[in-house]
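Note that these values count all heavy atoms, side chains included, but never hydrogens, waters or copies made by symmetry. Start at 1 and go down the list; that is how both ligands and their atoms are numbered.
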Amino acid sequence: MTLNRKSFVVAALAAAALVATAPQAFAQAGKIKVGLMLPYTGTFAALGNAIENGFRLYVTEQGGKLGGREIEFVKVDDESDPAKATDNVNKLIKRDNVDVLVGTVHSGVAMAMAKAAKDSGTMLIVPNAGADAVTGPFCASHIFRSSFSNWQPGYAMGEVVAKKGHKKVVTITWKYAAGDESVGGFKESFTKSGGQIVKELSLPFPGVEFQALLTEIASLKPDAVYTFFAGGGAVKFVKDYAAAGLKKSIPLYGAGFLTDGTLEAQGADADGLLTSLHYGDSLENAKDKSFRLAYAKAYKLQPDVYAVQGYDAAQMLGIGLAATKGDVKNKAAFAAALEKARIDSPRGAFTLGKNHNPVQDIYLRQVVGKENKVIGVASKNLSDPGRGCKM
Ligand code: BEZ
């Protein structure tokens, strides 16, 4: 058969179009590249590892695929350093061409990630950092959080401390978004209930020189202290508070990060502490039981709140990808699926608010031995106010 000139040109154009579209079609059916940006060094290293463990556990349970597509990981250690955050996230977006960003722990780093995700249109799931801005002014249809806002545990604890009859409270935390916002949530509900914050103490992140501040607390003699610390800093703070003799005289309350994933190292110095969080060690729901068994079997470790948040970040990615048949670029369908989902979490099922932050129970927990025992619900179905979010 011979081709005339016109049909030859048509055939050549069709062949060229096929070549041009083939790589895209292949990528759609191929692997999904997940960029894990987490701290693997520094005071939050254990938190980053637990998040990755939880995320991988869910993916493994699904046979390594979500929405029919195999999951491939690229990792960056963000060192919980906001100064390096923009460069780090751009490595994942521009160099590695990831389809989805998952990270991080530190609120300051997460804000840089949210900005880069917003500017580039890259899907982002935040598996810890509570920065209020991520689901506030930076909110977007392709940005989600599987954890909490800093405001949530603080707000819940303010009500608890007021109900206990404490009137004058000193707060102490690291001076950065997570500390400021956790104290902000506490202050909002505590003062609404008639309480007074007599002094707000802080030190730079990730400092652990607490001695002068503990001496100041002793001289101020408040009814109680509220605190936000996490990871290695939380271990040191709880030990120093007890060593200074304050544990016996001034009750210490905290956002639950104070005692989560830290009890082995804190030992008896943590005994009896009351904290507020969206997870605890004795929830006894079916999902939590199976999750804890699977996690312990896979990693020879007990899970903590960070592992749960990583697991749920993977569940959320799975829900979005199932709805879009693996097409991460179909952002509207991805968001619609998550906005109507009930996520079957070990913490208890939760939904996402309009700003894509979990609407969830905040538990009241007490340290008993090596457990954060759930002793009640500090705030039922608490949604973040999403101040400044326009979506
Ligand atoms: C934060 O920076 O948002 C954060 C870090 C550790 C635990 C909880 C919150």
Side-chain angles (χ1 to χ4, degrees), residues 37-52 54 77-85 88 102-114 124-136 138 143-157 172-186 202-208 226-238 254-263 266 275-280 303-310 312-313 347 357-358 360 362-363 365 372 384:
M37 181 158 150
L38 292 165
Y40 295 105
T41 51
T43 197
F44 291 159
L47 289 58
N49 282 308
I51 289 168
E52 180 175 344
D77 176 7
D78 67 37
E79 304 168 51
S80 295
D81 186 349
K84 297 181 184 164
N88 279 332
V102 175
T104 186
V105 169
H106 184 286
S107 275
V109 178
M111 285 195 271
M113 289 186 80
L124 168 64
I125 303 177
V126 179
N128 181 70
D132 291 347
V134 167
T135 48
F138 290 170
I143 296 180
F144 305 88
R145 183 147 53 195
S146 67
S147 52
F148 61 93
S149 72
N150 290 321
W151 178 91
Q152 283 177 310
Y155 186 87
M157 196 43 127
I172 177 164
T173 187
W174 280 313
K175 185 83 204 133
Y176 82 110
D180 290 346
E181 292 167 359
S182 181
V183 166
F186 176 86
S202 62
L203 75 168
F205 175 87
V208 290
Y226 173 76
T227 190
F228 166 88
F229 289 109
V235 171
K236 174 98 174 9
F237 182 77
V238 164
F257 316 103
L258 186 68
T259 56
D260 227 82
T262 55
L263 291 177
Q266 287 164 334
T275 63
S276 53
L277 206 62
H278 47 287
Y279 187 60
D304 54 20
V305 69
Y306 309 105
V308 170
Q309 294 167 171
D312 291 341
R347 76 189 79 174
N357 190 72
Q360 56 194 344
I362 305 293
Y363 302 108
R365 307 119 41 94
N372 284 293
D384 175 78

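With respect to Arg145 and Asp384, no salt bridge is recorded, no charged nitrogen being found less than 4.0 Å from a carboxylate O. In summary, Lys175 and Asp180 engage in a salt bridge, as defined by a charged side-chain N under 4.0 Å from a carboxylate O.
In summary, the atoms of ligand 1 found under 4.0 Å from a heavy atom of Ala230, numbered by their order in the structure, are 6 (C), 7 (C). When each atom of ligand 1 is checked for a heavy atom of Ala178 under 4.0 Å away, the hits are 1 (C), 2 (O), 3 (O). Proximity to Asn150 (heavy-atom distance under 4.0 Å) selects the following atoms of ligand 1: 3 (O). Heavy-atom contacts of Phe228 reach the following atoms of ligand 1: 4 (C), 8 (C), 9 (C) (cutoff under 4.0 Å).
For the side chain to side chain contact (heavy atoms under 4.5 Å, CB included) with Leu277, the qualifying choice from Asn372, Ile362, Asp260, Leu258 is Asp260, the only one to do so.
Only the side chain of Phe148 comes within contact range of ligand 1, with a heavy atom under 4.0 Å; no backbone atom does. Contact annotation: for Phe229 versus ligand 1, there are no heavy atoms closer than 4.0 Å. The backbone and the side chain of Ser107 each have at least one atom closer than 4.0 Å to an atom of ligand 1 (non-hydrogen atoms only).
No N or O atom of Ala129 sits closer than 3.5 Å to an N or O atom of ligand 1. Checking only distances, His106 never comes within under 3.5 Å of ligand 1, N or O to N or O.
Residues that satisfy the salt bridge (charged side-chain N to carboxylate O under 4.0 Å, His left out) test with Asp304, not counting sequence neighbours, are absent from this structure. Residues satisfying the salt bridge (charged side-chain N to carboxylate O under 4.0 Å, His left out) test with Glu52, not counting sequence neighbours, are Arg56, Lys75.
Asp132 places no side-chain N or O within 3.5 Å of a backbone atom of Ser149 that could act as its donor or acceptor partner.
The single protein non-hydrogen atom nearest to atom 8 (C) of ligand 1 is Asn128 ND2, 3.5 Å, given as residue, atom name and distance. Nearest protein neighbour of atom 1 (C) of ligand 1, counting heavy atoms only, is Val105 O, 3.1 Å. Closest to atom 2 (O) of ligand 1 among all protein heavy atoms lies Tyr176 OH, 2.5 Å.
The distance between the ring centers of Phe44 and Phe257 does not fall below 6.0 angstrom.
With no hydrogens or angles considered, a side-chain donor-acceptor pair links Tyr226 and Ser182 at under 3.5 Å.
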